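Data first, discussion second: the structure below is written as structure tokens.
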Protein chains: 2
Amino acid sequence: MDRSSPVPLYFQLAQQLETAIERGKLAPGSLLGNEIELAGRLGLSRPTVRQAIQSLVDKGLLVRRRGIGTQVVHSQVKRPLELSSLYDDLEAAGQRPGTQVLRYAAEEATAQVAAALAVPEGTEVRAVERLRFTHGEPMAYLCNYLPAELLPLGREELEATGLYRLMRGAGVTLHSARQTVGARAATAEEGELLGEPEGAPLLTMQRTAFDDTGRPVEYGTHLYRASRYAFDFQLLVRP
Amino acid sequence: MDRSSPVPLYFQLAQQLETAIERGKLAPGSLLGNEIELAGRLGLSRPTVRQAIQSLVDKGLLVRRRGIGTQVVHSQVKRPLELSSLYDDLEAAGQRPGTQVLRYAAEEATAQVAAALAVPEGTEVRAVERLRFTHGEPMAYLCNYLPAELLPLGREELEATGLYRLMRGAGVTLHSARQTVGARAATAEEGELLGEPEGAPLLTMQRTAFDDTGRPVEYGTHLYRASRYAFDFQLLVRP
DNA sequence: TAGTGGTCTAGACCACCAT
DNA sequence: TGGTGGTCTAGACCACTAA
């Protein structure tokens, strides 16, 4: 514990516990030792220790039972579903993603886009159409709309990284998003773009993302080749 | 505030705030008043008030900014994705779900099922195959596997309600689940069952659910008619 | 400068669980 | 019965934001 660090004590403790769990120093199913004893040993107060433990319970790494103690969860919890960028996900999976910007223009919002971004129909918005590749093969066709005032994006930046990273870098703090995931058959044009025959199953995703003031900051409709992509997530049950 | 109630004070306060937000008594974007003043007014301590506020921040209903205050979020936050039962979801949407149990038997685990349930290959498990209907139309084909010792399920119960509700009722506390959502074309048999032509796009879902000791308690592979079903969820960005 | 949330402490009592 | 987590209090100091 480093009291001179700007990192909060509860966070330091949570990190230490998390790495101990990851490295197997705290075996799955083992008890953590009670909070008061732990607090005394570390020279912290009990609420601080509780805060650290609670953050790991929220992550699904620990389970607390009254009268029993705090246990390390057995299963291989990864992380609950996050609002993640396809680019970052692919990069993290070592897939070396690539992007081809098909279109990047200002245009008037259609009814659908206007409703999603909560602007009047016909308002100018930015439209971005991209193809995402892995290993030189097309993987997804991404069509996104942003409020016009939001970002002066460069085409090169869009080819080099993901949209969310650019938005974060521009000071937009994402807060929540509403997603719909479905499937449908590819049209001839879509098949052409993605290298699939007409009628091939595609995974579809529509997403509206909001910043922390509740303003919509992005609307996207995405198409993924079902033969090469699936959504994978970890869910936690809220107690 | 009812101090004689078994409901914790922070929870009572959180509920009051939540209903006030839902009913518009606390307008989106409005400030909540600072924690200390609020604590004094309600006769509570500041940590208790903070705990109440924090729980609503975790739900995405409030945003806190240092130096500014606590604000009600604008957007229509519903709820983050939960480990939910298709039956309950349909019922909540007023769709009057129905279930036809196609098969309910004990059988030896295949390699895939054994790996998912973390039992040796060939171990006896319970297999349940169901068709789920809405308005008399088939909607999904559900194939689930449970550890043999878990539940003595009746066929009637399976037709009357969802699997998760039955498991909860039998004392199983679900903790987390790992899901994969994808898409593929229907085979002739699948199309027959679901009332779709061969080759029609289907939404696929595989899920393994764990209880709070980390033991796998359910593995399922589900097929949904893409023309009639999509997954819809709300995500929150973890700060 | 004044006000906000972020963090931390040192206690206290209670409900639940195993033995 | 003894030990655990669940809840609650009454303070304290700090970092950040706005005016």
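Below, all heavy atoms of this structure are taken into account, side chains as well, without hydrogens, waters or symmetry copies. This is a predicted model, so every value here is computed, not measured. Labels below follow one simple rule: chain letters A, B, ... track the order of the sequence lines, proteins then strands, and each chain is numbered from 1.
For P8(B), the listed nucleotide lying nearest its side chain is dC8(D); candidates were dG11(D), dC8(D), dG5(D). Nearest nucleotide to the side chain of E35(B), out of dG6(D), dG6(C), dA18(D): dG6(C). Relative to the side chain of L9(A), the nucleotides dC8(D), dC8(C), dG5(D) differ in distance, and dC8(C) lies closest. You'll find that the side chain of S45(B) is closest to dA10(D), out of dC8(C), dA10(D), dG5(D). Side-chain proximity of R66(A) to dA10(C), dC16(C), dA18(C): nearest is dC16(C).
Where L32(B) and P47(B) each meet DNA chain C at their nearest nucleotide, the meeting point lying more 5' is that of L32(B). With DNA chain D read from its 5' end, the first of the two nearest nucleotides for G67(A) and R50(A) is the one closest to G67(A).
Side-chain N/O atoms of N34(B) include none lying less than 4.0 angstrom from OP1 or OP2 on dG3(C). For Y10(B), a side-chain nitrogen or oxygen approaches OP1 or OP2 of dT7(D) to under 4.0 Å.
Ion pairing between a basic and an acidic side chain is recognised when a charged N comes within 4.0 Å of a carboxylate O; E18(A) and R23(A) show no such pairing. Of the charged side-chain nitrogens involved, at least one lies within less than 4.0 Å of a carboxylate oxygen, so that R64(B) and E35(B) count as a salt-bridged pair.
Between Y224(B) and F231(B), the angle of the ring planes goes over 60°, which puts this pair in the perpendicular group of the 30/60° scheme.
A distance below 6.0 Å separates the ring centres of F233(B) and F233(A).
Between the CD atom of Q51(A) and the P atom of dG6(D) there is a distance of 14 Å, given to the nearest Å. At whole-Å resolution of the value, CZ in R3(A) and P in dC13(D) are 15 Å apart. Rounded to whole angstrom, the span from the CD1 atom of I36(B) across to the P atom of dA2(C) amounts to 16 Å. As a whole-Å value, the separation of Q12(A) CD from dC8(C) C1' is 13 Å. Atom CZ in F11(B) sits about 10 Å away from atom P in dT7(D), given to the nearest Å. The separation between E37(B) atom CD and dG5(C) atom P is 10 Å, rounded to whole Å. Going from atom CG of L62(A) over to atom P of dG5(D) covers 11 Å, rounded to whole Å. Counting to the nearest Å, the P atom of dC8(C) and the CZ atom of R46(B) are 13 Å from each other.
Distance alone, capped at 3.5 Å, is enough to place a donor-acceptor pair between the D211(A) side chain and the G214(A) backbone.
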